[in-house]
Amino acid sequence: MYAVYRVLTVILAGIFLAACWDKILHPDQFAQIIRAYRLVPDVLVNPAAVWLPWLELTLGVLLLLNRWASGALLLANLLFLVFLAALAVNAVRGIDVNCGCFVTTPEAGAESMAWYLTRDTGFLVLGLAAVWTGRRSQKYTDECGGKPFW
């Protein structure tokens, strides 16, 4: 079970590491994407555009190195849930947004909202599966010095 857990956490690490680079390099473009969601107050758009990619980088590294894994998985799943909710809210409102998940260029928004919702649901399922397999792995439990906090 531990091997499955590690494969899942490495996949999740890859998702976060792939997602953060373009946003770190182009925070101004990422801020425009966040603003287009119409969910974040204007005063928080720029801080979110700078802070969020660095959080993704940190989570990716922690998951890759299997450090503070229970906390990293908790935050990863919360982020997946927030991202999925933001997409769903805009889909219901009829606002077709550029996800901004992996690239910040405007022409990158060619995918449909249905694709974004399906993909992000898959990411959440992967994250929850990592939690589930990690909790059932004796090796993982031993590395955490007992039962993980979730």
Side-chain angles (χ1 to χ4, degrees), residues 4-137 140 143-144 148-150:
V4 174
Y5 159 78
R6 281 304 295 147
V7 167
L8 291 171
T9 55
V10 168
I11 291 169
L12 292 168
I15 290 168
F16 279 109
L17 293 173
C20 72
W21 291 115
D22 195 45
K23 294 180 241 181
I24 288 172
L25 295 174
H26 304 104
D28 54 332
Q29 292 174 347
F30 186 48
Q32 292 173 359
I33 291 170
I34 292 173
R35 189 170 284 109
Y37 274 83
R38 300 182 196 163
L39 295 172
V40 178
D42 282 342
V43 70
L44 297 179
V45 168
N46 288 339
V50 171
W51 175 79
L52 186 58
W54 288 99
L55 176 60
E56 292 174 336
L57 176 64
T58 302
L59 289 175
V61 169
L62 290 174
L63 290 169
L64 188 63
L65 298 177
N66 200 31
R67 299 289 182 240
W68 296 333
S70 60
L73 278 173
L74 176 67
L75 281 175
N77 283 308
L78 286 174
L79 281 179
F80 287 142
L81 190 60
V82 167
F83 297 156
L84 185 59
L87 286 168
V89 164
N90 277 296
V92 168
R93 291 162 60 190
I95 301 172
D96 191 10
V97 295
N98 172 0
C99 175
C101 298
F102 295 98
V103 292
T104 58
T105 55
E107 58 274 0
E111 291 87 2
S112 69
M113 286 293 281
W115 163 247
Y116 292 144
L117 290 166
T118 302
R119 183 192 61 196
D120 283 18
T121 300
F123 291 164
L124 181 59
V125 168
L126 283 174
L128 294 173
V131 170
W132 187 81
T133 57
R135 290 201 63 183
R136 273 138 191 85
S137 167
Y140 173 81
E143 286 177 359
C144 290
F149 72 83
W150 62 65

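Below, each value reflects all heavy atoms present in this structure, side chains not excepted, and no hydrogens, waters or symmetry copies.
Within the 4.5 Å cutoff, side-chain heavy atoms of Phe83 are placed close to those of Leu52. Proximity of Arg35 to Val40: side-chain heavy atoms (C-beta onward) are nowhere separated by under 4.5 Å. For the pair Tyr5/Asn66, a side-chain contact is recorded, criterion being any heavy-atom separation below 4.5 Å from C-beta on. Counting only heavy atoms from C-beta outward, the side chains of Tyr37 and Cys99 approach each other to under 4.5 Å. A heavy-atom distance below 4.5 Å is found between the side chains of Phe80 and Leu12. Side chains of Leu39 and Arg93 form a contact here, defined as non-hydrogen atoms less than 4.5 Å apart. Within the 4.5 Å cutoff, no side-chain heavy atoms of Ile11 are placed close to those of Phe123. Using a 4.5 Å heavy-atom cutoff, the side chains of Leu55 and Leu79 are in contact.
Ala130 and Leu73 make their closest contact through CB-CD2, 3.8 Å (heavy atoms, listed as atom of the first residue, atom of the second, distance). Across Ile95 and Met113, no two heavy atoms sit closer than the pair O-CE, 3.8 Å. Taking each heavy atom of Cys20 and Pro53 in turn, the nearest pair found is CB-O, 3.3 Å. Taking each heavy atom of Pro27 and Val50 in turn, the nearest pair found is CB-CG2, 4.4 Å.
The NZ atom of Lys23 lies 14.5 Å from the CG atom of Asp28; values are rounded to the nearest 0.5 Å. The distance from atom CG of Asp120 to atom CG of Leu81, rounded to the nearest 0.5 Å, is 10.5 Å. Thr105 contributes atom OG1, which lies 7.5 Å from atom CD1 of Ile33 (distance to the nearest 0.5 angstrom). Once rounded to the nearest 0.5 Å, the distance linking CG of Asp42 with CD1 of Ile34 reads 11.5 Å. A distance of 10.5 Å separates SG of Cys101 from CZ of Phe16, quoted to the nearest 0.5 Å.
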Applying side-chain contact (heavy atoms from CB on, under 4.5 Å) to Val97 and Leu87, what does each step give before you reach the verdict?
CA-CA 8 Å; Val97 295; Leu87 286 168; 4.1 Å; yes
Output, in order, the C-alpha distance, side-chain angles, deciding distance and verdict of side-chain contact (heavy atoms from CB on, under 4.5 Å) for Leu84 and Leu117.
CA-CA 6 Å; Leu84 185 59; Leu117 290 166; 4.0 Å; yes
Hey, mind stepping through Val45 and Phe30 against side-chain contact (heavy atoms from CB on, under 4.5 Å) and telling me if it holds?
CA-CA 9 Å; Val45 168; Phe30 186 48; over 6 Å; no
Step-by-step side-chain contact (heavy atoms from CB on, under 4.5 Å) determination, Gln29 to Asn98
CA-CA 11 Å; Gln29 292 174 347; Asn98 172 0; over 6 Å; no
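Not counting sequence neighbours, the partners of Asp22 by the side chain to side chain donor-acceptor pair (under 3.5 Å) test are His26, Thr104. Take Arg67 and apply the salt bridge (Lys or Arg N to Asp or Glu O under 4.0 Å) test, not counting sequence neighbours, and it matches no residue.
A donor-acceptor contact shorter than 3.5 Å links the side chain of Thr9 to the backbone of Arg6.
In this model, no donor atom of one side chain and acceptor atom of the other lie less than 3.5 Å apart for Thr133 and Arg136.
A side chain to side chain contact (heavy atoms under 4.5 Å, CB included) with Val61 holds for exactly one of Thr58, Leu57, Leu64; it is Leu57.
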